[in-house]
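First listed ligand is number 1; within each ligand, the first listed atom is number 1. Just so it is clear, the model here is predicted, and its values are computed rather than measured.
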Amino acid sequence: MISNPGTEASSPDIATRDQGEPTAVLAAAERSLMSDPGHRGRFAEFGGRFVPESLIPACEELEAAFRDARIDPHFTQRLSHLLDVYAGRPTPVTPAPRLSAELGITLLLKREDLAHTGSHKINNVIGQSLLAQRMGRTRLIAETGAGQHGVATATAGALLGLDVTVYMGEVDTARQELNVFRMELLGAEVVPVTTGTRTLKDATNEALRQWVSRTEDTYYCIGSVMGPHPYPWMVREFQRVIGREARQQCASLLIRGVPDVVVACVGGGSNAAGTFAGFVDTTTRLVGVEAAGGAAMTDGSVGILHGFRSQVLQDEDGQIAEAHSISAGLDYPGVGPEHAALGGSGRAEYVTATDEEVVEAVVRLARAEGILAALESGHALAWILRAVASGDITPGSTVLMTLSGRGDKDVSELRKRVGT
Ligand SMILES: *Cc1c(COP(=O)(O)O)cnc(C)c1O
């Protein structure tokens, strides 16, 4: 978080422990799950708005603008039009017949890899960029780790004629040179961040800091269900299209109408949140799969990071731990607050997959179905394979997995690890 951006530059990523704000005012059961978290933006005791005073008016203005836009037919029609004609929605649900036969289940894949730019991230950035335009902003800023959200934001900026500046940890700019160039090709400026560990959490701190200093013309486009209220709610709503479509598609594909299990990978948790939103009111089992090296739900504790309270990977002093996994898109040391609440209430389960399991799962899917999935998405499949083997998923079950992105970006990483 940035509790005091002017003076805390040397250690901006310290996760402040509970600061005595009233908590747990909204028992999860009092509100229907995955609905409007209210003006305080709470998901049970998680979420909220832990930002410097100077950023409160900008958050409030954003919340008001989003509340207004989401019920304005001009906005919702423009958004769904762009999602259709530009982003390529609806994305199909593809049965995986050969893998299904091998596993003794019915496996369905929600194909976000087929969306423009190759992942679900475009759903959110088009929504937020339209909102920025509606608010009269001319400039988008974004944080990025591996570069995927930066590329998506640069894309939406080009589409709508908005300037784009992307903050990226210096270490990541070196690791992801090609994505830096992709953003530049799309007309964005990429700013290397040299504070802290020079990775995603530092880039996020820097983007928040830049937003504080320039809210008049600048819109901060956050890449997942994280950040201060209204972001976790707003990003989930922009990703809800995944779950809404999948629910309809399952209704026509499955006898029971809904799958027995819905599985998605979790970095910040946006593709999972969008997917779960379509099924949370059913008896379908919801499973989120984190990277074993960055499992905030499994290994984290309650803390505050980047303006919200959630499960966070931190040491005893509240110092943020580095997340490490084969897929840079899951290397976020926290998880969206709504997932912390869904896990706490038991409505969703959170599990992990290791790098080795992920590589095996991605290769198996490629060879069985001709679909090269992103390593992030491979986590969801890795857990499915393990759960079928252990009997946690019973034979004959129907399983819907969100395939969050395509694997082209991961080919060189796979090449290092796969013997052909
Ligand atoms: C960024 C990314 C993720 C992780 O982000 P979430 O907010 O957890 O969805 C997962 N899959 C792909 C392909 C990504 O690019």
Query - Verdict with supporting geometry, R417 and E413, salt bridge (charged side-chain N to carboxylate O under 4.0 Å, His left out) - result: CA-CA 7 Å; R417 304 196 183 227; E413 184 64 41; 3.1 Å; yes
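- When only interatomic distances are considered, the shortest N/O to N/O separation between G268 and ligand 1 falls below 3.5 Å.
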Query raised in the report: Would R214 and Q210 satisfy side chain to side chain contact (heavy atoms under 4.5 Å, CB included), going step by step from the backbone distance to the final call?
Result: CA-CA 6 Å; R214 214 175 138 177; Q210 292 293 330; 6.0 Å; no
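- The closest heavy-atom contact to atom 10 (C) of ligand 1, among the options H339, E376, Q148, comes from E376.
- For ligand 1 and S224, the ligand atoms under 4.0 Å from any heavy atom of the residue are 6 (P), 7 (O).
- At under 3.5 Å, not a single nitrogen or oxygen of K409, backbone or side chain, sits near a nitrogen or oxygen of ligand 1.
- The S270 neighbourhood of ligand 1 comprises atoms 6 (P), 7 (O), 8 (O), 9 (O), with distances under 4.0 Å to a heavy atom of that residue.
- No donor-acceptor pair closer than 3.5 Å links the side chain of R89 to the backbone N or O of A87.
- At a heavy-atom cutoff of 4.0 Å, ligand 1 is contacted by no atom of D113, backbone or side chain.
- Side chains of Q239 and N123: a donor-acceptor N/O pair is present below 3.5 angstrom, by distance only.
- For the pairing with V399, the side chain to side chain contact (heavy atoms under 4.5 Å, CB included) check across L103, T284, I105 returns one residue only, I105.
- In this structure, atom 4 (C) of ligand 1 lies nearest to the protein heavy atom G329 O, 3.4 Å.
- Heavy-atom contacts from other residues, nucleotides or ligands closer than 6.0 Å to CD1 of I56 number more than 12.
- Within ligand 1, counting atoms from 1 as listed, the ones closer than 4.0 Å to a heavy atom of H120 are 2 (C), 3 (C), 6 (P), 9 (O), 10 (C), 11 (N), 12 (C), 14 (C).
- Of the protein's non-hydrogen atoms, S404 OG, 2.7 Å is the one closest to atom 11 (N) of ligand 1.
- Using a 4.0 Å cut-off to heavy atoms of K121, the atoms of ligand 1 that qualify are 1 (C), 2 (C), 3 (C), 14 (C), 15 (O).
- Proximity to G405 (heavy-atom distance under 4.0 Å) selects the following atoms of ligand 1: 13 (C).
- Ligand 1 has a nitrogen or oxygen under 3.5 angstrom from a nitrogen or oxygen of G267.
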Query raised in the report: Where do K201 and E322 land on the salt bridge (charged side-chain N to carboxylate O under 4.0 Å, His left out) test, with the steps shown first?
Result: CA-CA 9 Å; K201 69 176 171 24; E322 280 287 289; 3.6 Å; yes
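- Near N271, with a cut-off below 4.0 Å to any heavy atom, the atoms of ligand 1 are 6 (P), 9 (O), 10 (C).
- Distances between N or O atoms of G269 and those of ligand 1 include at least one value under 3.5 Å.
- Between R309 and E45 there is no salt bridge, since no side-chain N of the basic residue sits under 4.0 Å from a carboxylate O of the acidic one.
- A side-chain N or O of Y220 and one of E143 form a donor-acceptor pair less than 3.5 Å apart.
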